[in-house]
Each structure stands twice: as C-alpha cells, then as structure tokens.
S.K.: 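Sharing a structure here in structure tokens format.
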Amino acid sequence: MKIEHIGIAVKDLGISDDLFSRLLGEEHYKQESVEREAVTTSFYKVGESKIELVAASNEACTISKFIEKRGESIHHLAFGVEDIHAEIARLKEAGFQFISEEPKDGADNKVVVFLHPKSTNGVLVELCQEKM
Ligand code: ZN
C-alpha cells in the first residue's frame with residue numbers, strides 16, 4: 001500500500017482551487033465530476049501522492065453532510081492497492097467493516113471502496129486501484 005491521495009472536503013471548489021494552487025505552486029492536473037457520488041473533484045500532484053479536493057454538487061450528498069457536521073477539513077485517506085479484492089478480503093478477515101464491499105468507479109481512473117470510520121478510529125479510509 002501507499003498513500004495514493006488525501007481527500008479534503010471543500011465548500012467552494014473555485015476558492016479552494018485558488019488556495020491550493022497557491023499553496024502547492026501549481027495548478028490542478030484534473031477536475032472531474034463523479035455523478036454517482038454527486039461531487040466534483042480537483043486533483044493536485046504532491047510527489048508520489050495527490051491531494052483531492054472534493055466539493056458537493058447538491059445538499060443531499062455525503063460531502064455536504066460531512067461539511068455541515070465537521071466543517072471543511074480532511075475527509076478521507078486513500079491507500080493505493082494493487083489488488084483491491086484481495087485487500088478487501090484481507091481487511092474483512094482482520095475485522096474491518098466496509099461502507100460497501102463492492103468496488104465502484106471513482107475519480108481519476110480508479111475503482112474505489114471505503115472502510116467504515118467506526119472500524120478505523122474515526123478516519124474514513126478509501127482503498128483505490130488503478131483501472132486496467
Ligand atoms: Zn478519494
């Protein structure tokens with residue numbers, strides 16, 4: 001595993017894009033909407049890892065609810081894995097719970113799955129694997 005990216009929940013992608021491009025000294029390399037999740041994402045390269053800004057497309061989506069509860073902040077930690085099905089099996093065996101055990105299409109050409117924060121010390125953990 002490696003830290004593939006860190007997801008940050010933001011209210012306004014335009015304002016946060018401006019902030020992060022000044023912070024990191026370069027523009028995002030991709031902006032992408034994930035309609036199934038009702039979010040728009042913006043990606044920055046930071047060495048071997050990435051920052052993913054995540055903004056809600058509507059008020060009912062999980063990012064809106066997250067921001068309502070906790071404000072804008074770090075939303076999830078994403079581990080890049082080679083074989084997502086093997087990792088899901090390994091982590092289930094080790095007692096971890098998943099929000100959904102079925103990998104779904106995510107942003108940035110990945111399939112993704114999320115562990116439930118109640119089994120990971122309150123941290124939302126994403127596993128992601130590059131799509132073939
Ligand atoms: Zn992510």
Side-chain angles (χ1 to χ4, degrees):
M1 283 202 213
K2 62 169 186 175
I3 294 180
E4 214 282 332
H5 65 268
I6 294 168
I8 299 176
V10 305
K11 282 184 185 164
D12 184 312
L13 205 52
I15 290 170
S16 296
D17 261 333
D18 179 59
L19 189 151
F20 276 85
S21 58
R22 283 187 288 120
L23 178 67
L24 300 170
E26 58 183 283
E27 301 289 313
H28 63 239
Y29 69 90
K30 180 186 271 190
Q31 197 170 80
E32 187 180 345
S33 293
V34 183
E35 291 194 5
R36 189 177 42 74
E37 305 285 352
V39 296
T40 304
T41 60
S42 197
F43 283 91
Y44 294 83
K45 288 207 166 78
V46 185
E48 289 192 352
S49 301
K50 298 162 189 165
I51 299 284
E52 174 189 29
L53 304 182
V54 191
S57 311
N58 67 50
E59 290 187 357
C61 89
T62 56
I63 293 295
S64 298
K65 289 178 189 150
F66 176 88
I67 290 174
E68 234 170 71
K69 265 194 223 157
R70 300 214 217 169
E72 292 180 291
S73 72
I74 290 180
H75 177 256
H76 64 273
L77 188 58
F79 294 112
V81 300
E82 300 276 307
D83 181 344
I84 200 163
H85 292 284
E87 280 303 314
I88 291 168
R90 183 183 73 81
L91 292 168
K92 272 175 70 181
E93 183 70 30
F96 290 95
Q97 289 171 269
F98 287 79
I99 290 174
S100 159
E101 289 173 17
E102 195 49 49
K104 294 187 173 119
D105 286 351
D108 205 27
N109 196 43
K110 301 282 194 298
V111 286
V112 304
V113 72
F114 287 92
L115 279 80
H116 200 290
K118 73 182 173 195
S119 69
T120 50
N121 253 154
V123 177
L124 180 60
V125 173
E126 171 187 332
L127 303 180
C128 61
Q129 181 187 342
E130 196 80 28
K131 270 197 248 176
M132 298 299 162

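Not measured: the values here are computed from a predicted model. Order of appearance sets the numbers: ligands from 1, and atoms from 1 within every ligand.
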S.K.: Got V125 and F96 here, is their nearest side-chain heavy-atom distance under 4.5 Å?
M.R.: no
S.K.: Restricting to N, O or S atoms, which atom of E52 is closest to the Zn ion (ligand 1)?
M.R.: OE1
S.K.: Quick one: sort the H76 and F114 rings into parallel, tilted or perpendicular, breaks at 30° and 60°.
M.R.: perpendicular
S.K.: Indicate the atoms forming the closest heavy-atom contact of E52 with A107, along with that distance.
M.R.: OE2-CB, 4.3 Å
S.K.: Taking the cut-offs as 6.0 angstrom to the six-membered ring centre and 45 degrees off its axis, would you call K45 and Y29 a cation-pi pair?
M.R.: yes
S.K.: Nearest N/O/S atom of H5 with respect to the Zn ion (ligand 1), by atom name, please.
M.R.: NE2
S.K.: Is the distance between the Zn ion (ligand 1) and the nearest N/O/S atom of H75 smaller than 2.8 Å?
M.R.: no
S.K.: If I consider every N, O or S atom in E126, which one ends up closest to the Zn ion (ligand 1)? I only need its name.
M.R.: OE1
